[in-house]
Amino acid sequence: MAVIEINFKCKVQKEKIVCNFVAMDFSSKLLENAVHEMSQLPGIGKRTALRLVLHLLKQPSGQTARLSSALEDLRNSVKFCAQCHNISDVELCEICTNPKRDESLVCVVEDIRDVMAIENTGQFNGLYHVLGGKISPMEGVGPQELTISSLVIKAKEGKIKELIFALSSTMEGDTTNFYIYKQLEGLDIKTSTIARGIAIGDELEYADEVTLGRSILNRIPFANSLKAN
Ligand SMILES: [Zn+2]
């Protein structure tokens, strides 16, 4: 069996393992398929994929069944909140339906990870608008691939008094902020951007809660951030 051979060589000669793992001479087509699918996930190379698949193989079969059914249920049944586009089990998410939240304040974020990160700070009591990504011509993501038009429609309804841009401070994030800012021109809406205690290029989800919480409280008018650039 090729896999056993790999493990054996692993103990004997380190350099050789690398070659064997890259070549990945599978003894089983089933194993090869599973590793291939696992390695499609972001940040998972072939070697890690093999390790994870072999780990799953050692677990009781119920464990793998629960994992695959959780993923399948998620895929088949997941909804996106009709108002903020966050992942939700119901038509309108818990944040949007919470009467204690300030609906005049809307924080624009890329995805659910940012919502979770900002919620963890406990410093924000408004609603969110989840764009579903950032404008990125390199990756073929234009404004129409995101939920920008729905944000503009909401903005025109007049309930929003302030929009806070909380996208990561990358070129794509800045482009997206600016695009939305231009779309809102002429509307009576204050636009601000979170203050950057966060280094440029850092993603929100990696910022610590205190820094992120402070950067929301100390947000600055968006127009000022344009002058700074
Ligand atoms: Zn919602």
Side-chain angles (χ1 to χ4, degrees), residues 1-81 85-90 93 109-120 128 130-142 144-147 167-173 175-176 198-209 212:
M1 292 248 313
V3 176
I4 294 169
E5 202 179 305
I6 288 166
N7 288 340
F8 173 71
K9 281 176 185 165
C10 181
K11 284 175 194 150
V12 181
Q13 197 182 14
K14 227 176 174 183
E15 289 75 21
K16 221 166 186 182
I17 325 160
V18 179
C19 299
N20 278 333
F21 268 108
V22 171
M24 289 246 172
D25 187 11
F26 290 96
S27 58
S28 151
K29 194 76 189 157
L30 294 172
L31 178 65
E32 187 176 356
N33 285 346
V35 170
H36 173 73
E37 292 306 327
M38 190 72 88
S39 69
Q40 302 304 303
L41 298 171
I44 307 286
K46 279 260 158 102
R47 264 178 281 177
T48 308
L50 177 60
R51 187 164 54 79
L52 292 172
V53 167
L54 292 178
H55 170 79
L56 286 172
L57 210 49
K58 280 192 214 144
Q59 304 305 305
S61 63
Q63 163 100 31
T64 328
R66 282 194 298 278
L67 173 64
S68 53
S69 95
L71 292 173
E72 212 161 301
D73 288 350
L74 175 72
R75 192 66 250 189
N76 295 335
S77 310
V78 77
K79 293 187 181 71
F80 293 91
C81 172
H85 306 282
N86 197 11
I87 292 176
S88 167
D89 290 347
V90 285
C93 76
V109 295
E110 185 183 340
D111 64 28
I112 189 168
R113 293 170 302 165
D114 305 324
V115 173
M116 291 164 83
I118 294 173
E119 284 297 286
N120 281 340
Y128 295 91
V130 180
L131 292 175
K134 289 173 286 194
I135 296 173
S136 172
M138 295 284 282
E139 289 171 26
V141 182
Q144 60 287 348
E145 266 77 48
L146 308 174
T147 63
L167 300 183
S168 57
S169 189
T170 54
M171 200 175 26
E172 289 85 2
T175 306
T176 312
I198 303 165
I200 288 179
D202 274 3
E203 299 293 335
L204 285 189
E205 63 167 332
Y206 298 123
D208 71 81
E209 287 164 20
L212 183 55

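Keep in mind that what you see is a predicted model, and the values were worked out from it rather than measured. Just so you know, residue 1 is the first one in the sequence shown, and it goes up from there.
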Rounded to the nearest 0.5 Å, what separates atom [atom1] in [X] from atom [atom2] in [Y]?
X      : Y      : atom1 : atom2 : answer
Leu52  : Leu57  : CG    : CG    : 12.5 Å
Thr176 : Leu167 : OG1   : CG    : 5.5 Å
Lys58  : Gln63  : NZ    : CD    : 13.0 Å
Leu212 : Asn120 : CG    : CG    : 9.0 Å
Arg51  : Ile44  : CZ    : CD1   : 8.0 Å
Phe80  : Asn86  : CZ    : CG    : 9.0 Å

Taking [X] for the side chain and [Y] for the main chain, is one N or O donor matched with an acceptor at less than 3.5 Å?
X      : Y      : value
Glu37  : Ala34  : no
Ser68  : Ala65  : yes
Asp114 : Asp111 : yes

Non-hydrogen atoms of [X] and [Y] that approach each other most closely:
X      : Y      : value
Val130 : Val115 : CG2-CG2, 3.8 Å
Cys93  : Cys81  : N-SG, 3.3 Å
Ser39  : His36  : OG-O, 2.8 Å
Glu172 : Ser136 : CG-CB, 3.7 Å

### Query
Do the charged groups of Glu72 and Arg75 touch, with an N to O distance under 4.0 Å?
no
Are [X] and [Y] side-chain neighbours, meaning at least one heavy-atom pair lies under 4.5 Å?
X      : Y      : value
Lys134 : Thr175 : no
Leu31  : Leu54  : yes
Leu56  : Met38  : yes

### Query
Crowded around Asp89 CG? As in, over 12 foreign heavy atoms under 6.0 Å?
no
### Neighbour count above 12 (heavy atom, 6.0 Å) for Glu139 CD
no
